[in-house]
Amino acid sequence: MAFTPNYLSQQDPQWKNVKLGFGNVTLGTDGCAVTALTMLVNGYSYNETPKTLNQKLKDLGSGNGFIGPLVVWGALPLAFPRLTYRNLILSRDHDAPIAEIDAAIARGQPVVVETDRSLASGLQNHWVVLYAKQGDDYLMLDPWPYPPDNKDTLLTVRYGFGRPAKKVITATVFYDGQTPTPPVPQPPPVETNLFVRVFSDLDSGLRLRSQPTTASDTLAIEPAGTALRVIEAEGPARAKIGVVNQWLRVRDPQGVEGYVAAWYVESAQPVPPAPEPEPEPEPEPPPVPAPDPQALIEAVNSLRVSKGLPPYKSSDILNGIAARHAAYMASSGQISHLDAAGKRPFQRALDAGYALAGDLNQGGFMSENIVAGVELSPQEAVTQWLADDPHTNTMLSDNYTEAGAGIAVAGNLTYYCLDAALPKTTVPTPEPEPEPEPEPQPEPGKPKVYVSPSVGSGGLAMRKEASETAREIARLSARAELTSLEGADSVQKKIGVNGKWLMVRDARGNSGYVPAWLLVLSLDGVPEPEPEPAQMTVIVFPSLGSGGLRMRAQPSLGGSLVTILPGGSELTVLEDPSTARPKLGVTNQWLNVRDRQGHTGYVAAWFVSEAPSGGDTPPVPPPQPEPSGLTIYVSPLAGNGLRLRSGPSTSSSTVKTLPANAPLTVLEPAAQAEAKIGAFNQWINVKDAAGAVGYVAAWYVNK
């Protein structure tokens with residue numbers, strides 16, 4: 001649908017002093033993302049200002065629309081249903097996804113991008129909207145100027161400073177939007193005595209719409225069980241009830257007239273019967289306790305030791321101020337380094353009697369990391385902090401010797417605070433840093449080498465350093481030609497030798513290190529590879545929706561984030577199907593995959609299923625796990641029964657409800673299952689006496 005460019009400024013006096021989200025900064029200083037989103041939604045016929053959009057996202061609740069002052073990108077469609085969130089791609093350490101951006105704009109779908117708006121050291125981030133391609137550049141809507149631009153403005157002309165767009169763009173958020181369907185004149189209502197009732201299991205209700213289409217406006221949300229009078233001809237109306245893609249014209253008990261999806265209603269009596277009593281809810285698990293703060297210090301110290309740094313000493317004073325600040329953030333719902341009195345971390349330390357070293361006018365030798373997330377673990381907090389230099393420096397600085405940690409829980413959000421500092425008595429004498437060894441430079445006449453065909457379709461990783469754990473720079477295909485950045489003698493000594501690495505440059509200009517034992521000097525006489533068998537394809541559970549599934553760089557929940565895959569995404573498995581299929585649906589198993597945008601990494605195998613094959617041939621189901629010989633029983637404490645779920649999560653669909661004392665056969669190693677029994681947030685893979693397979697909450701079973 002057509003997008004209409006419009007111009008707004010975050011610095012407009014009408015809203016520049018409004019607080020951003022749940023933080024203490026304002027729209028005028030830090031509201032570029034909210035203002036860019038406002039121009040995006042207004043281009044699809046909404047009528048918002050940065051102030052009203054800011055409030056609508058806040059109304060979704062802390063952790064939903066905002067985390068502190070940070071926008072939750074996937075929350076926008078909750079407030080503006082004509083938009084659909086697609087994906088977020090970070091490109092801070094590699095080129096931006098220009099092909100994906102161009103494809104979206106060609107479809108008439110603008111993108112919201114983060115730019116590095118300055119050549120200064122570090123990321124000087126600023127969010128804008130790209131809505132049209134012009135040569136190698138893009139027309140943009142820029143939230144910063146006041147008065148607003150009101151004219152065509154090019155991205156690299158304003159923020160490029162000689163750099164191409166792929167270097168200026170550091171993150172991209174993709175949405176699909178549509179303009180409202182013009183209303184179709186409707187005939188007068190036909191009064192009938194035919195009633196329909198909204199399905200009783202629609203917990204979120206049924207939308208009453210202005211037109212018989214999902215693209216039309218929502219007039220009301222009709223709760224489950226609501227009786228609605230049909231106001232169209234009775235004969236054709238009865239034929240529609242329960243039929244997918246059919247719509248019924250109705251009037252609700254409040255007199256609002258519109259259309260409902262006929263496949264979510266059933267016939268009802270003219271006078272709705274008295275509502276049936278609600279079934280007793282499944283027992284709620286006990287509240288989640290806050291993790292031990294010392295676990296956070298242990299996670300940080302483990303990281304320090306792995307980098308050759310001494311561990312931090314735990315400080316009672318720093319533990320105290322960190323605990324109080326975590327509790328303040330949890331009670332206020334704000335992620336901020338300022339406490340209720342507006343004091344910064346070093347001021348709180350001095351007030352508590354900590355002898356802080358350094359220039360106190362500059363804040364002394366002290367820094368603080370804070371973060372909040374849904375059921376966030378200490379290790380996950382450390383992983384998030386490793387995403388940028390300031391937070392990493394707090395954990396890996398050689399200027400600090402002591403640390404304190406505080407953790408607090410509010411609802412499903414866990415708040416973390418880490419304070420690291422240096423007391424006066426241990427100020428170190430800084431040692432001069434060693435001069436870095438110069439990297440080999442390319443010279444004329446360097447030899448050509450080639451990626452061995454033996455690497456297959458998975459390709460070969462070019463890495464930043466000569467190590468298999470170093471960051472991947474590029475993925476090189478089999479038989480790719482490379483230019484050696486080392487001399488001919490070095491090439492002759494290393495090619496084909498295990499453990500040796502060679503510095504090379506590819507055809508795109510990327511430079512880095514590749515394993516010399518997977519290179520050859522020539523492709524002469526090397527036969528073309530045989531066609532590889534069809535690869536296995538899996539699909540991300542559609543129930544995950546726009547929240548999606550995280551692709552990680554390593555096969556672990558602690559692995560760094562590569563991208564987020566929306567529910568329903570198709571992925572190509574990069575490992576042998578015979579080893580991949582047994583992992584499907586199994587907790588703590590990971591699959592090496594590639595998405596359609598070329599991202600490669602690992603996904604949790606218990607949140608994907610094998611894609612159907614072509615024709616009428618059904619997909620090969622993953623083999624069922626063998627029983628372990630251990631039998632467990634549903635606890636009588638489960639009240640009205642225990643739900644057997646399709647996955648290890650309360651958000652997974654219910655397979656069936658198991659009665660108290662029902663015997664269950666364990667389908668995972670017995671020792672592993674026994675360790676979980678009675679433990680909160682643990683799940684056990686089981687089969688009941690009728691053969692139904694799924695997962696049960698380990699805290700509601702016993703032996």
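- In this structure, the side chain of R552 does not engage the main chain of V603 through any donor-acceptor pair within 3.5 Å.
- With salt bridges taken as basic N to acidic carboxylate O contacts below 4.0 Å, none links R92 and D388.
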| request: Take R86 and D176, measure what side chain to side chain contact (heavy atoms under 4.5 Å, CB included) needs, and give me the verdict at the end. | output: CA-CA 7 Å; R86 291 303 181 198; D176 285 350; 2.8 Å; yes
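- The two residues A224 and L202 make their nearest non-hydrogen contact at CB-O, 3.4 Å.
- For Y264, the OH atom is loosely surrounded, since the number of other residues' heavy atoms within 6.0 Å does not exceed 12.
- At distances below 3.5 Å, at least one donor-acceptor pair connects side-chain atoms of S331 with backbone N or O atoms of A327.
- Between Y415 and I370, every side-chain heavy-atom pair lies at or beyond the 4.5 Å cut-off.
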| query | What's the verdict on side chain to side chain donor-acceptor pair (under 3.5 Å) for R207 and T218, showing C-alpha distance, side-chain angles and the deciding distance? | reply | CA-CA 6 Å; R207 293 179 186 268; T218 298; 3.1 Å; yes
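- Classification of E465 and R471 as a salt-bridged pair fails, no side-chain N sitting under 4.0 Å from a carboxylate O.
- Contact detail for A326 and A408: the closest heavy-atom pair is O-CB, 3.5 Å.
- Exactly one residue among W683, Y695, W590 makes a ring pair (Phe, Tyr, Trp, His ring centres under 6.0 Å) with W606. That residue is W590.
- Considering CG of L88 and CG of L90, their distance stands at 5.0 Å, rounded to 0.5 Å.
- Judged by a 6.0 Å distance limit and a 45° cone about the ring axis, R304 is positioned over the six-membered ring of Y312.
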| request: In sequence, state the C-alpha distance, the side-chain angles, and the governing distance for Y633 and V701, and then conclude on side chain to side chain contact (heavy atoms under 4.5 Å, CB included). | output: CA-CA 6 Å; Y633 300 84; V701 299; over 6 Å; no
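- The closest side-chain heavy-atom distance from W385 to Y416 is below 4.5 Å.
- Between the CE atom in M536 and the CG atom in L591 there is a gap of 6.5 Å [rounded to 0.5 Å].
- In this structure, OG1 on T392 lies 4.5 Å from CG on L386, to the nearest 0.5 angstrom.
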| message | Before you tell me yes or no, could you show the steps for E668 and I684 under side chain to side chain contact (heavy atoms under 4.5 Å, CB included), namely the whole-Å CA-CA distance, both residues' side-chain angles and the distance that decides it to 0.1 Å? | response | CA-CA 8 Å; E668 59 186 72; I684 300 177; 4.0 Å; yes
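- Between L642 atom CG and W699 atom CH2 the span is 9.0 Å, to the nearest 0.5 Å.
- Looking at H599 and M551, their side chains come closer than 4.5 Å, going by heavy atoms from C-beta outward.
- Between the side chain of N592 and the main chain of G601, a donor-acceptor pair closer than 3.5 Å is present.
- Between E472 and A461, the shortest heavy-atom contact is OE1-CB, 3.7 Å.
- Two residues are said to be in side-chain contact when any heavy atoms from C-beta on lie closer than 4.5 Å; I539 and L571 fail this criterion.
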| request: Any chance you could lay out the side chain to side chain contact (heavy atoms under 4.5 Å, CB included) test for V382 and M395, step after step, and finish with the verdict? | output: CA-CA 9 Å; V382 169; M395 299 185 291; 3.9 Å; yes
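- The pair K583-E575 meets the salt-bridge criterion, since a charged nitrogen lies less than 4.0 angstrom from a carboxylate oxygen.
- With contacts defined as side-chain heavy-atom distances shorter than 4.5 Å, the pair I564/W73 does not qualify.
- Remark: D595 CG to L549 CG distance equals 11.0 Å, nearest 0.5 Å.
- With hydrogens and angles ignored, the 3.5 Å screen pairs a side-chain donor or acceptor of E380 with a backbone N or O of S377.
- Taking CD1 of I407 as the reference point, atom CG of D292 lies at 7.0 Å (rounded to 0.5 Å).
- V655 pairs with exactly one of D688, L644, V693, V696 by the side-chain contact (heavy atoms from CB on, under 4.5 Å) rule, that one being L644.
- Checked by atom type and distance alone, the side chain of N87 never pairs as donor or acceptor with a backbone atom of P566 at under 3.5 Å.
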